[in-house]
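Scroll down for the structure; my scribbles are underneath it.
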Amino acid sequence: MKNNSFFEKVYQVTQLIPEGRVTSYGAIARYLGAPGSARMVGWALNNAHNLEEFIPAHRVVNRNGLLTGKHHFPGPRVMASLLENEGVTVENDQVVDFQRLFWDPNRELPADSLGNL
DNA sequence: GTACTGACTTGGG
DNA sequence: GCCCAAGCCAGTA
């Protein structure tokens, strides 16, 4: 198990995001113990394209609920479409009721949901 | 080996 | 309430 890597954790947490919910890079980074390394979360997801495993990166947005990473998807409409497909309303590249749909791993997820910390 | 950029966040003015 | 600057780590030039 190499889940101890920061990147691997990001992938795990991202896959653990419930359907119809969204979270922010900072929340994941903070859950991993790196509140200031929010950029690394995005970088990890960028690397996620290299993985054979599907990563619901469309459920990860910035703290404003804005789909900042939609431009990195196969299509600029893929991210919003996937979110809307899961019941998340996206308007003007921004998640509606983001605060309500916000899924905080630090609050909703146990401290050892990654398997073995 | 140094410099810049990048799917971000937070704090200060 | 809005704008500017710093911090973070890794990859690429």
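Just so it is clear: chains get the letters A, B, ... in the order the sequence lines come, proteins before strands, and each one is counted from 1.
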**OP:** May I have the distance from F7(A) (atom CZ) to dC9(C) (atom P), rounded to whole angstrom?
**Re:** 12 Å
**OP:** Please confirm whether any donor atom in the side chain of R39(A) sits under 3.5 Å from an acceptor in the base of dC8(C), or the reverse.
**Re:** yes
**OP:** Scan N46(A) against the nucleic acid and name what it touches under 4.0 Å (heavy atoms): base, sugar-phosphate only, or nothing.
**Re:** base
Original post:
To the nearest angstrom, how far is F73(A) atom CZ from dA7(B) atom C1'?
Top reply: 9 Å
Subject >> F98(A) CZ to dT9(B) P, straight-line distance once rounded to whole Å >> reply: 8 Å
**OP:** In whole angstrom, give me the gap between the P atoms of dA6(C) and dT5(B).
**Re:** 15 Å
**OP:** Using the closest heavy atom to pick a nucleotide of DNA chain C for each, name whichever of W43(A) or A38(A) lands nearer the 5' end.
**Re:** A38(A)
Subject >> Main-chain N/O of M40(A) paired to Y25(A) side chain as donor or acceptor, under 3.5 Å >> reply: no
**OP:** Using a heavy-atom cut-off of under 4.0 Å over every strand shown, decide if H58(A) touches base, sugar-phosphate, or nothing.
**Re:** nothing
Original post:
Starting at CG of N64(A) and ending at C1' of dT10(B), how long is that distance when rounded to a whole Å?
Top reply: 12 Å
**OP:** Please indicate whether H71(A) has more than 12 foreign heavy atoms, meaning atoms of other residues, nucleotides or ligands, lying under 6.0 Å from its NE2.
**Re:** no
Original post:
Taking C-beta and beyond as the side chain, do N64(A) and Q94(A) meet within less than 4.5 Å on heavy atoms?
Top reply: no
**OP:** Would you mind reading off the distance between M40(A) atom CE and dT9(B) atom P, rounded to a whole angstrom?
**Re:** 13 Å
Original post:
Has T68(A) got a side-chain N or O lying under 4.0 Å from the OP1 or OP2 atom of dC8(B)?
Top reply: yes
Original post:
Tell me: CZ of F6(A) to C1' of dG11(C), nearest whole Å?
Top reply: 15 Å
**OP:** Would you classify A44(A) as touching base, sugar-phosphate or nothing, given that sugar-phosphate means primed atoms plus P, OP1 and OP2, and contacts are heavy atoms under 4.0 Å?
**Re:** nothing
Subject >> Side-chain donor or acceptor of N62(A) paired with backbone N/O of S24(A) under 3.5 Å >> reply: no
Subject >> Among E19(A), R21(A), M79(A), side-chain contact (heavy atoms from CB on, under 4.5 Å) partner for R59(A) >> reply: E19(A)
**OP:** Specify the residue among R30(A) and Y25(A) whose closest nucleotide of DNA chain B lies further upstream toward the 5′ end.
**Re:** Y25(A)
**OP:** Using the P atom as the reference point in each nucleotide, state the distance between dA5(C) and dC4(B) in Å, no decimals.
**Re:** 16 Å
Original post:
In whole angstroms, how far is the C1' atom of dA7(B) from the OH atom of Y11(A)?
Top reply: 12 Å
Original post:
Could you give the CG-to-P distance, from N106(A) to dT9(B), as a whole number of Å?
Top reply: 13 Å
